[in-house]
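First up is the structure itself, then whatever we jot down about it.
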Amino acid sequence: MRATAALLEQPGKPFVLTEVDLDEPRADEVLVRVAAVGICGTDLEFANFFPTPALLGHEGSGVVEKVGAHVTSVRPGDHVTMSFASCGTCALCRTGSPAYCRSFDAVNFSGRRPDGSTAVTHQGREVNAHFLGQSSFASHAVAPERAVVKIDPSLDLLRAGPFGCGFQTGAGGVLNVLQPRPGQSIAVFGAGAVGVAAIIAAGLSSCAVVAAVDVNPAKLEAARGFGATHTVDSSAGDTAGQLAALVPEGFDFVIDTTGREDVLRTAVEALGPLGRAGVIGIGPSESMSFEWRSILNGRSVTGIIAGSSLPQLFLPQLLALNAKGRFPVEKMITYFPFEQIDEAVAAVRSGAVGKAVLTF
């Protein structure tokens with residue numbers, strides 16, 4: 001079938017709207033008519049080096065149009081949000097940790113199905129797709145069943161897409177991994193979509209101190225509206241000193257969403273004894289380093305993928321909290337028509353919007 005897609009013809013270049021051809025869903029696949037798709041920092045990072053021609057996008061939501069013969073969890077007409085893919089057969093998948101699937105890179109970042117094929121072609125050329133299980137910068141997506149989550153049809157489909165990655169990642173980092181107790185302290189580095197989700201989750205956990213750290217004053221002001229008890233403008237200098245003034249004994253937890261070595265080092269050094277750092281961000285730094293004393297006294301650094309969640313369980317819980325007004329991330333969403341994808345990307349890169357969502 002034909003679909004409208006935003007193709008990446010060359011790394012680092014603007015997206016090009018065009019028509020692509022999609023395979024019929026295989027036995028374990030689902031065809032989803034995309035209603036909306038969020039733009040995530042991961043899309044923007046991979047757009048710089050993913051093999052082209054490429055079809056990115058991984059925060060899609062929509063309506064199931066067709067299912068393969070072996071699909072049992074959804075049927076045509078179901079409303080769904082999409083998340084990452086996993087093999088379903090390794091020990092980590094079988095024990096409820098698909099975010100750490102032993103084949104995670106192969107099934108999410110190779111641009112291909114596990115057998116090396118692709119469901120997407122453009123003018124006879126094979127397109128590198130299947131990005132994080134969906135490649136949803138398109139009007140339709142062919143996704144494996146494991147990447148599709150059925151949701152309540154009463155929920156707003158246009159809002160649901162970003163829950164599959166950004167909001168799930170930030171919230172899950174706090175609720176599933178760090179699991180702070182009431183009264184504890186946390187600092188969140190980066191007050192974008194992922195950071196805001198972590199801030200809201202920290203509030204749900206009744207943290208006494210929730211510090212948002214960013215260089216953008218507008219984002220810091222917005223973070224207060226999402227539950228940050230304190231803000232730290234790291235562009236003002238002496239970020240470590242500002243954090244120490246808030247919690248002199250050191251923070252119980254920190255989360256880094258920036259992927260910057262210098263930021264992560266500051267975050268780790270802000271921890272108190274037995275403090276835990278959650279590393280979420282995919283960013284510009286290829287390595288990280290710490291002064292060895294900064295991880296003594298029981299401090300630990302934990303890498304977190306997709307909030308360590310089981311999407312089929314965690315996403316409906318987050319969406320239910322949102323429906324009750326307890327996870328109000330919709331306040332940071334700005335909608336753009338799909339045709340304005342490049343304008344939306346520019347707005348994300350500049351920090352003009354918190355979360356850009358493309359609609360069809």
Side-chain angles (χ1 to χ4, degrees), residues 11-12 39-50 109 165-167 169-174 177-178 185-199 201-202 210-223 226 228 230-244 246-247 250-251 253-271 275-295 299-307 332 345-356:
I39 297 176
C40 176
T42 302
D43 294 308
L44 305 187
E45 286 294 326
F46 275 79
N48 292 320
F49 58 82
F50 204 68
F109 300 132
C165 182
F167 298 154
T169 297
V174 174
V177 181
L178 301 182
S185 58
I186 186 170
V188 178
F189 290 74
V194 175
V196 162
I199 287 166
V210 181
V213 185
D214 206 293
V215 297
N216 186 323
K219 286 187 176 182
L220 291 173
E221 181 61 30
F226 288 106
H230 301 80
T231 57
V232 173
D233 184 349
S234 53
S235 69
D238 193 21
T239 302
Q242 294 183 71
L243 291 167
L246 295 179
V247 185
F251 282 80
F253 304 100
V254 297
I255 279 187
D256 174 56
T257 72
T258 71
R260 294 180 57 94
E261 180 182 4
D262 55 337
V263 174
L264 182 57
R265 181 166 184 158
T266 299
V268 171
E269 292 175 353
L271 289 169
R276 294 183 67 193
V279 181
I280 291 178
I282 296 176
S285 298
E286 295 184 358
S287 62
M288 54 182 162
S289 63
F290 311 107
E291 200 278 329
W292 66 272
R293 293 179 183 84
S294 68
I295 56 173
R299 298 177 179 91
S300 61
V301 179
T302 302
I304 302 171
I305 295 176
M332 71 181 311
V345 167
V348 172
R349 290 191 186 280
S350 71
V353 301
K355 168 60 70 174

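- Considering every non-hydrogen atom in both Ile199 and Ala228, the closest pair reads CG2-N, 3.6 Å.
- Remark: His230 NE2 to Leu243 CG distance equals 11.0 Å, nearest 0.5 Å.
- Among residue pairs with one or both ends in residues 282-295, those qualifying as salt bridge (Lys or Arg N to Asp or Glu O under 4.0 Å) are Glu291-Arg293; sequence neighbours excluded.
- Of all heavy-atom pairs between Cys40 and Lys355, the closest is CA-NZ, 3.9 Å.
- Here Glu261 pairs with nothing under the salt bridge (Lys or Arg N to Asp or Glu O under 4.0 Å) rule; sequence neighbours left out.
- In terms of modelled atom types and a separation under 3.5 Å, the side chain of Asp262 and the main chain of Arg265 share no donor-acceptor contact.
- The closest side-chain heavy-atom distance from Pro11 to Phe49 is not below 4.5 Å.
- Among the candidates Val263, Val279, Val213, Leu264, the single residue satisfying the side-chain contact (heavy atoms from CB on, under 4.5 Å) test with Thr258 is Val263.
- In plain terms, the two heavy atoms of Asn216 and Gly351 that are nearest each other are ND2-O, 4.1 Å.
- Partners of Asp214 by side chain to side chain donor-acceptor pair (under 3.5 Å), not counting sequence neighbours: none found.
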**Request:** Test Val177 against Phe253 for side-chain contact (heavy atoms from CB on, under 4.5 Å), laying out the working first.
**Result:** CA-CA 11 Å; Val177 181; Phe253 304 100; over 6 Å; no

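- To the nearest 0.5 angstrom, Ile304 atom CD1 is 5.5 Å from Ile255 atom CD1.
- Counting all heavy atoms, side chain and backbone alike, Ala202 lies closest to Val210 at CB-CG2, 3.9 Å.
- A distance of 12.0 Å separates CG in Asp233 from CG in Asp238, rounded to the nearest 0.5 Å.
- With rounding to the nearest 0.5 Å, the separation of CG in Asp43 from CG in Asn48 is 11.5 Å.
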**Criterion side-chain contact (heavy atoms from CB on, under 4.5 Å) on Val232 and Leu246, from CA distance to verdict** = CA-CA 10 Å; Val232 173; Leu246 295 179; 3.9 Å; yes

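- Residues Thr302 and Arg276 share a closest heavy-atom pair of OG1-NH2, 3.5 Å.
- Between Val268 and Ser294, the closest heavy-atom pair is CG1-O, 3.9 Å.
- With values rounded to the nearest 0.5 angstrom, Thr266 atom OG1 is found 11.0 Å from Gln242 atom CD.
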